[in-house]
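This report refers to the structure that appears directly beneath it.
Below, read A as the first sequence line, B as the second, and so on, with proteins coming before strands; counting in each chain starts at 1.
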2 protein chains.
Amino acid sequence: MTKDAEAASPSLGPLGRAPLSPAVEDYLKAIYALRSEQGAEGVVTTQALADSLRVAPASATNMAKKLASMGLAHHTPYRGLELSETGEKMALEVVRHHRIIETFLAEVLGLSWDKVHDEAERWEHVLSEEVEQLMMDKLGHPTRDPHGAPIPSREGTFPRDEGSLCLCEAKAGAYFIVVQVADEDGATLRHLESLGVRPGSRLFIERNEKVEGVIHLKSGVGDGRVLGHAPARGVWVRHEDHSNTP
Amino acid sequence: MTKDAEAASPSLGPLGRAPLSPAVEDYLKAIYALRSEQGAEGVVTTQALADSLRVAPASATNMAKKLASMGLAHHTPYRGLELSETGEKMALEVVRHHRIIETFLAEVLGLSWDKVHDEAERWEHVLSEEVEQLMMDKLGHPTRDPHGAPIPSREGTFPRDEGSLCLCEAKAGAYFIVVQVADEDGATLRHLESLGVRPGSRLFIERNEKVEGVIHLKSGVGDGRVLGHAPARGVWVRHEDHSNTP
DNA sequence: AATCAAGTTTAGCCTCAACTAAAAATGTTT
DNA sequence: AAACATTTTTAGTTGAGGCTAAACTTGATT
Ligand SMILES: [Mn+2]
Ligand SMILES: [Mn+2]
Ligand SMILES: [Mn+2]
Ligand SMILES: [Mn+2]
């Protein structure tokens with residue numbers, strides 16, 4: 001006889017797990033993103049979660065307990081929380097959805113890169129696995145979204161950007177290639193675009209003094225331009241001659 | 001001085017109206033559909049609504065009062081409810097979303113016509129007006145969805161199918177063109193497809209006796225086939241020589 | 001060791017959209 | 001006119017996911 005866990009509830013997903021609510025999915029994604037930002041070290045505090053999701057700290061604590069009870073995260077009271085193995089798997093599934101949708105909106109529908117994030121933020125919760133697959137086929141299985149973020153495989157693996165650093169820390173007098181750009185703020189994206197800063201762009205850093213809070217750079221577009229450290233914090237670059245230049 | 005109702009809340013939609021919840025949108029759509037089914041006459045009962053949405057009657061009554069309080073419907077207790085002018089406008093907007101999404105899923109992504117409905121049922125609540133427009137552009141502004149249902153214009157107008165009748169009432173010995181097929185039940189759609197019954201199909205009715213509960217018909221596909229009255233109830237046809245045959 | 005600020009959790013409340021069970025209205029049949 | 005079955009509404013509950021205000025931990029500072 002076979003395990004018939006599938007027959008237990010009529011509303012189980014295609015893989016036997018109950019579908020997660022949009023709120024749960026957003027929390028998982030946020031935990032995953034915050035841990036990544038911190039360089040994969042340590043746990044995520046409820047405070048950081050609350051800030052990230054623009055929610056009261058108490059709400060984050062509530063959800064932390066819920067995630068723990070669902071086996072999606074480990075919660076040490078007053079310390080923080082960390083995704084469980086299945087929690088990370090689910091988080092990556094949401095991230096995958098999000099990035100495939102962003103790419104699809106940009107490539108197939110021509111939606112500008114500063115608008116795809118907000119739309120994907122909602123679509124990610126309603127996309128079936130089958131349509132996800134169809135989107136991927138249509139797109140030719142890209143590995144990065146319009147902001148340069150890697151699209152996790154269905155198994156949850158994706159290339160780490162090893163040698164990348166924040167644009168704010170790029171030393172002057174050298175060329176850098178833009179790897180990835182933070183996608184949450186549309187206004188910043190529109191500004192970066194006007195400066196010619198997008199994934200793949202080649203930048204020459206003319207000047208970058210921390211005290212000035214400003215980076216002087218040259219891209220293909222126009223002549224020298226100036227960018228504040230705040231928006232630069234969302235831009236990751238790598239040294240031009242790190243490996244692949246064909 | 002001008003009405004500054006817009007400044008009242010930060011979370012108003014692009015047109016000054018607050019966004020409707022998925023539940024409200026589904027109720028509006030159901031009311032609209034039920035009234036259409038009845039031939040545009042009379043009001044919709046809470047019972048019919050409850051059946052249609054698979055919800056307890058009390059839930060439908062609750063929502064009826066809510067819709068009335070929002071000015072989207074008129075509710076006469078113990079009698080039924082009817083969409084207001086703005087309610088109908090909003091209902092048509094949801095229907096437009098739904099049918100554009102269905103068409104997009106079928107045409108652009110190649111999702112089969114028996115699966116597009118369920119997916120669209122969820123997407124319709126998260127689609128922005130801008131992306132709706134981009135989908136329409138990509139599709140070349142079709143007027144019907146994959147099941148033959150007309151796509152309302154942004155203004156809420158669409159062609160009425162005047163001379164159409166239910167396949168169950170098609171008289172034997174004549175040719176009919178399939179106009180539209182009910183899209184809710186995937187299994188029925190798959191069966192109809194195997195019979196060659198889809199919008200635009202030309203059918204010859206060989207025999208149709210009510211007592212038998214069965215229709216004998218011929219389509220382009222295979223030779224004579226038989227269809228029960230139950231699935232036939234979801235198929236609308238028109239006489240072949242009613243106007244346009246090029 | 002005691003105090004204090006910052007961060008976290010608890011307690012209690014709210015809205016939405018569902019539910020069940022009981023009460024009320026309606027329309028039909030005697 | 002009265003009784004009855006059906007439909008609809010009311011009343012009270014539930015669960016998810018927010019909120020505020022108060023209480024509690026924690027780690028740093030006196
Ligand atoms: Mn989201
Ligand atoms: Mn992105
Ligand atoms: Mn829906
Ligand atoms: Mn349809």
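Applying the salt bridge (Lys or Arg N to Asp or Glu O under 4.0 Å) criterion to A:Glu107, with sequence neighbours excluded, gives no partner residue. Among residues two or more places apart in sequence or in another chain, the salt bridge (Lys or Arg N to Asp or Glu O under 4.0 Å) test is passed with A:Arg233 by none.
Counting any heavy atom pair closer than 4.0 Å across all strands shown, A:Thr46 reaches sugar-phosphate atoms only and no base atom. B:Ala56 comes within contact range of at least one nucleobase, with a heavy-atom separation under 4.0 Å. Within the nucleic acid shown, A:Ala58 comes within 4.0 Å of at least one base atom, counting heavy atoms only.
For DNA chain C, the neighbouring residues in residues 71-79 of chain A, judged by any heavy atom under 4.0 Å, are A:His75, A:Pro77, A:Tyr78.
Shown here for B:Arg122 and A:Leu127, the closest heavy-atom pair between the two residues is NH2-C, 4.3 Å.
For DNA chain C, the contact window with chain B, defined by any atom under 4.0 Å from a protein heavy atom, covers C:dC16 to C:dG27 in 5' to 3' order.
Between the side chains of A:His147 and A:Glu102, at least one donor N or O sits under 3.5 Å from an acceptor N or O. Between the side chains of B:Arg154 and B:Gln133, at least one donor-acceptor pair of N or O atoms lies under 3.5 Å. Judged purely by distance below 3.5 Å, without hydrogens or angles, the side chains of A:Glu129 and A:His97 pair a donor atom with an acceptor atom.
Checked for salt-bridge contact, B:Arg35 and B:Glu82 miss the test: no charged N lies under 4.0 Å from a carboxylate O.
In this structure, B:Met63 places its CE atom 16 Å from P of D:dT10, rounding to the nearest Å. Atom-to-atom, OH of A:Tyr27 to C1' of D:dG17 comes out at 8 Å; the value is rounded to the nearest Å. Here D:dA16 presents its C1' atom at 15 Å from CD of A:Glu25, a figure rounded to the nearest Å. Between the C1' atom of D:dG18 and the CG atom of A:Asp26 lies a distance of 14 Å, rounded to the nearest Å. One atom, CG of A:Asn62, and another, C1' of D:dT20, lie 13 Å apart when rounded to the nearest Å.
For B:Gln47, no side-chain nitrogen or oxygen approaches OP1 or OP2 of D:dT6 to under 4.0 Å. For A:Ser59 and D:dC19, the shortest distance from a side-chain N or O to OP1 or OP2 is below 4.0 Å.
Listed by first and then second residue, the ring pair (Phe, Tyr, Trp, His ring centres under 6.0 Å) pairs involving residues 61-80 of chain B amount to none (not counting sequence neighbours).
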With a 3.5 Å cut-off and sequence neighbours excluded, list the donor-acceptor pairs that the side chains of residues 52-65 of chain B form with protein atoms.
| unit_1 | atom_1 | unit_2 | atom_2 | d |
| --- | --- | --- | --- | --- |
| B:Thr61 | OG1 | B:Pro57 | O | 3.3 |

